[in-house]
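Below, each value reflects all heavy atoms present in this structure, side chains not excepted, and no hydrogens, waters or symmetry copies. It should be emphasised that the depicted structure is a prediction, and the values quoted were computed from it without experimental measurement.
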Amino acid sequence: MAEFFKNIPKIKYEGPSSDNPLAFKFYDPDRVIMGKTMKEHFKFSMAWWHTLCAAGTDMFGVGTADKSFGAEVGTMEHAKAKVDAGFEFMDKLGIEYFCFHDVDLVPEADTIAETNKRLDEITDYIKEKMDATGKKLLWGTANLFSNPRYMNGAGSTNSADVYAFAAAQVKKALDLTVKLGGKGYVFWGGREGYETLLNTNMKLELDNIARLMKMAVDYGRSIGFDGDFYIEPKPKEPTKHQYDFDAATAIGFLKEYGLDKDFKLNIEANHATLAGHTFQHELRVSAIHGMLGSIDANQGDLLLGWDTDEFPFDVYEATMCMYEVLKAGGLKNGGFNFDAKNRRASYTPEDMFYGFILGMDTFALGLIKAAALIEDGRIDKFVEDRYASFNSGIGAKIVKGETNLVELAEYAEKLGAPELPSSGRQEYLQSIINSILFG
Ligand code: XLS
Ligand code: NI
Ligand code: NI
């Protein structure tokens, strides 16, 4: 079989002092951190769409990268070449997982029956490769946003026929996820949102989205899907107002419609910042509700108002992310999917590797530093002490739900006035982070 990345060797760990651009400086798969190897901590995943499909097109220009892999784009031959290239790419990087949308795998045909035939064929081929290499599917999903029929969304569309078509795609994508042994199925909102309320029945749209998810759960469970369904929140883009705005909104939605037992969240860093939150905030909100499912590992640009999906390089962010993940006891069925793409001007095959090396090293550093933060203990201790007033006396009564407004009012009257709460010491804590990161 043709080798697609001819000049690229298997990427190895060479340590921080290596200046080999095609080596890991921090990601050492066998290094043990807090009882698990790095490889066990991270189920790193390749996003089929960015890695094998996206060629750098933007609103003002065509692609800059050649992702034909020696075949004519838009053919089944090309679809197969992408599989070959993808498996070679994962192998060379030591990545064990991948994620896909249905139409990332094959060119969409005129009818769903024909598209499904193509999907069957390509997934037979993918399955062969998976069996031969041990690579695994992290999660599958259906693209319910690119085709013009989804201009008004899928679950949120005004057309019942389009809704039915979307349901057919979800059904097939679930079949494929099960066929390939995936433990996750993602609903990213796509165009589930609106531009103006002047033409929108918000209640019907939300109810219908929930109905689609409920049908997906029923069908998925009926064919043996025992993994997690995920909502991937995002506040805007492509629609002005996306319904799954952020983690808290998505959790409220899932609880409102009784979907919270089957769904968790897939948190993407760039979507968090678009929502005006830190990545860590979104992870914490998910974790405290027991809904931290999986992670789309990327990074946005705070000076830009859209989803730039960059490879993560911010070690501070990655550290706080891994702090949340470690505190939550790790991701169960989920992993770290690089929903990330090279900048348009980084268009060569080497750049594809540099992107992943950067992302994997950044997260490895994040893990090392987050473990150091936890082992150092000062931050955790500080937070614990900060709330110590709830451990005894009136505080303990509040926490146990053993008091009421009358008793608290009497207590307050006796007090006259409380002392100021203890100092938040933010600057002191931030300096601890710096000494852990750079000390
Ligand atoms: C787009 C989303 C998308 C999902 C999968 O912004 O991040 O790529 O991860 O549909
Ligand atoms: Ni994503
Ligand atoms: Ni994104």
Checking side-chain hydrogen bond (donor to acceptor under 3.5 Å, both in side chains) for the pair D66/S68: CA distance, chi angles, key distance, verdict?
CA-CA 6 Å; D66 179 2; S68 65; 2.7 Å; yes
With no hydrogens and no angle check, just 3.5 Å: does a side-chain donor-acceptor pair link Y185 and D228?
no
Determine whether the side chains of Q299 and D314 contain a donor N or O and an acceptor N or O closer than 3.5 Å.
no
Does the plane of the ring in F363 sit parallel, tilted or perpendicular to the ring in F338? Use 30° and 60° as the thresholds.
perpendicular
Does Y219 OH have over 12 foreign heavy atoms under 6.0 Å away?
yes
Close side-chain approach of L138 and K183, heavy atoms under 4.5 Å:
no
Aromatic ring centroids of F263 and Y230 under 6.0 Å?
no
Would you please classify the geometry between the W188 ring and the F145 ring as parallel, tilted or perpendicular, with 30° and 60° separating the classes?
perpendicular
K397/E402 under salt bridge (Lys or Arg N to Asp or Glu O under 4.0 Å): CA gap, chis, key distance, verdict
CA-CA 5 Å; K397 279 185 141 190; E402 286 170 357; over 6 Å; no
Check the orientation of H277 and H281. Use parallel for under 30°, tilted for 30 to 60°, and perpendicular for over 60°.
parallel
Pair listing, side-chain hydrogen bond (donor to acceptor under 3.5 Å, both in side chains) test, anchored in residues 351-368, at least two apart:
T348-D351
Between H101 and W48, is the ring centre distance below 6.0 Å?
no
Taking the side chain as C-beta and beyond, is there a heavy-atom pair between E96 and K39 under 4.5 Å?
yes
Ring centre gap for Y27 and F44 strictly below 6.0 Å:
yes
Please determine whether the number of non-hydrogen atoms from other residues, nucleotides or ligands lying under 6.0 Å from atom NZ of K240 exceeds 12.
no
With under 30° as parallel and over 60° as perpendicular, where do the rings of F245 and H241 fit, or are they tilted in between?
tilted
So, do F311 and H50 have ring centers that fall under 6.0 Å from each other?
no
Distance-only check: which donor-acceptor pairs under 3.5 Å involve side-chain atoms of residues 287-296, not counting sequence neighbours?
{"unit_1": "H289", "atom_1": "ND1", "unit_2": "V285", "atom_2": "O", "d": "2.8"}
{"unit_1": "S294", "atom_1": "OG", "unit_2": "G335", "atom_2": "N", "d": "3.0"}
{"unit_1": "S294", "atom_1": "OG", "unit_2": "G335", "atom_2": "O", "d": "3.2"}
{"unit_1": "D296", "atom_1": "OD1", "unit_2": "N266", "atom_2": "ND2", "d": "3.3"}
{"unit_1": "D296", "atom_1": "OD1", "unit_2": "N337", "atom_2": "ND2", "d": "3.0"}

Counting only heavy atoms not in M151 (residues, nucleotides, ligands), do more than 12 fall under 6.0 Å from its CE?
no
Determine the sole option in D244, D339, D307, D246 for which the salt bridge (charged side-chain N to carboxylate O under 4.0 Å, His left out) test with K234 is passed.
D307
Less than 4.0 Å between a side-chain N and a carboxylate O, is that true for K92 and E88?
yes
Is the Y194 ring parallel, tilted or perpendicular to the Y243 ring (thresholds 30°, 60°)?
tilted
For the ring pair Y97 and F336, is the centre-to-centre distance below 6.0 Å?
no
